[in-house]
2 protein chains.
Amino acid sequence: MSEAPECTAEHDQLLFDVFAQRCPSRSTLEHLTGRWGVLAMAALHDGTFRFNELRRRVHGVSEKMLAQTLQALERDGFVHREAQHTIPPKVEYSLTDRGKRTAALLLDLIRDVEAQMPEVIAANERYDAARNG
Amino acid sequence: MSEAPECTAEHDQLLFDVFAQRCPSRSTLEHLTGRWGVLAMAALHDGTFRFNELRRRVHGVSEKMLAQTLQALERDGFVHREAQHTIPPKVEYSLTDRGKRTAALLLDLIRDVEAQMPEVIAANERYDAARNG
DNA sequence: GGGTTGCACTTTCTAAAAGTTAGTGCATTC
DNA sequence: GAATGCACTAACTTTTAGAAAGTGCAACCC
């Protein structure tokens with residue numbers, strides 16, 4: 001059996017640990033690193049976009065998932081939502097200052113991954129060959 | 001209708017784009033940023049661990065998901081797996097050089113998220129209050 | 001002027017993924 | 001000699017993601 005997860009909120013000093021199962025930092029991390037979270041944050045790093053503009057940028061996302069993702073990111077204070085109650089409606093999404101800082105880290109990751117894709121593909125082939133050959 | 005996704009493999013110069021639906025970089029990114037991928041990478045950043053050691057570190061992961069996650073990361077060349085065919089078996093997991101570089105970026109993210117959790121929680125409360133109040 | 005398209009979503013339904021449980025075969029610990 | 005640990009896999013269930021359709025109105029097209 002493993003020890004109790006650490007994630008305390010004591011004497012005015014909060015300690016958060018993503019390795020602890022019930023730590024709220026884990027779900028926040030998931031909002032950011034989830035399949036669509038990363039891409040939405042990265043897309044918004046380029047500026048302000050309307051809902052359907054984002055949907056076109058993040059190729060393959062469904063309306064439902066984009067809405068859900070943006071709501072989670074807004075609730076966490078990474079994304080700012082500004083709606084004009086006109087007809088047709090106009091809703092603009094942008095990053096908050098906090099969101100911008102975090103999005104920069106996500107972009108570092110994305111660029112790193114894209115840059116090493118040739119090596120990843122080579123590794124994939126080696127791995128598969130070792131089992132099928 | 002949105003334009004065709006960009007992700008070309010032409011004239012010896014590969015261009016990868018996570019925003020393109022069918023680009024292989026997207027699934028690689030998902031392996032890293034998936035719920036357990038981030039945590040496995042971060043755990044392995046501290047050194048070499050056996051399967052069940054990792055399972056205890058990454059609190060809450062099931063055997064199935066840890067195995068699946070590690071296999072994907074191994075296939076992508078981020079993780080190295082070394083098995084001794086003894087009884088009982090001994091299997092050690094560690095990061096490759098490439099994995100170490102990428103894990104460092106993931107750790108930056110994790111630390112950033114953990115550090116801003118007080119603000120995230122405050123944002124959550126504001127968001128919820130605005131709807132329920 | 002009638003049909004299509006777009007806006008930002010939500011709701012319903014189905015398909016895929018994640019989680020849970022049990023089993024493997026042997027060795028060490030209690 | 002019973003229990004536990006090792007590193008998994010396989011079968012089953014639950015949760016989540018994705019696909020499709022609906023909303024109500026307005027601007028564009030021919």
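Hydrogens, waters and symmetry mates are skipped; everything else that's a heavy atom, side chains included, is used.
Atom P of nucleotide C/dA8 and atom CD of A/Gln84 are separated by 10 Å, given to the nearest angstrom. When rounded to the nearest whole Å, the span between CE of B/Met65 and P of D/dT13 equals 19 Å. In this structure, A/Glu74 atom CD and C/dA8 atom P are separated by 14 Å, rounded to whole Å. For the pair B/Arg55 CZ and C/dG19 P, the interatomic distance rounds to 12 Å; values are reported in whole Å. Atoms CZ (B/Phe51) and C1' (D/dG5) sit 13 Å apart, rounded to a whole Å. Rounded to whole Å, atom P of C/dA8 lies 8 Å from atom OH of A/Tyr93. Atom CZ in B/Arg26 sits about 15 Å away from atom P in D/dA17, given to the nearest Å. Atom-to-atom, CD of A/Gln68 to P of D/dT15 comes out at 15 Å; the value is rounded to the nearest Å.
Across D/dG5, D/dG18, C/dT20, the shortest atom-to-atom separation from the side chain of A/Ser62 is found for D/dG18. Listed nucleotides: D/dA26, D/dC6, D/dG18. Nearest to the side chain of B/Pro89: D/dC6.
Nearest-nucleotide assignment on DNA chain D puts the 5′-proximal partner with A/Trp36, out of A/Ile87 and A/Trp36. Residue A/Arg81 is the one, among A/Arg81 and A/Arg35, whose nearest nucleotide of DNA chain C lies closer to the 5' end (criterion: closest heavy atom).
The shortest side-chain heavy-atom distance between B/Leu39 and A/Phe19 falls under the 4.5 Å cut-off. Here the side chains of A/Gln116 and B/Thr102 are in contact, with some heavy-atom distance below 4.5 Å. With a 4.5 Å cut-off on side-chain heavy atoms, B/Val91 and B/Gln84 do not count as touching. Looking at A/Arg55 and A/Val61, their side chains come closer than 4.5 Å, going by heavy atoms from C-beta outward.
With A/Phe78 as the aromatic partner, A/Arg98 meets the cation-pi criteria of under 6.0 angstrom to the ring centre and within 45 degrees of the ring axis.
Phosphate contact (OP1/OP2 of C/dT10, side-chain N/O of A/Gln71, threshold under 4.0 Å): present. B/Arg50 has no side-chain polar atom (N or O) that falls below the 4.0 Å cut-off from OP1 or OP2 of D/dC6. Within the structure, a side-chain polar atom (N or O) of A/Asn52 is placed less than 4.0 Å from OP1 or OP2 of C/dA8.
Here B/Glu30 lies out of heavy-atom contact (under 4.0 Å) with every strand.
Not a single donor-acceptor contact under 3.5 angstrom links the side-chain atoms of B/Lys64 to the base of D/dA10.
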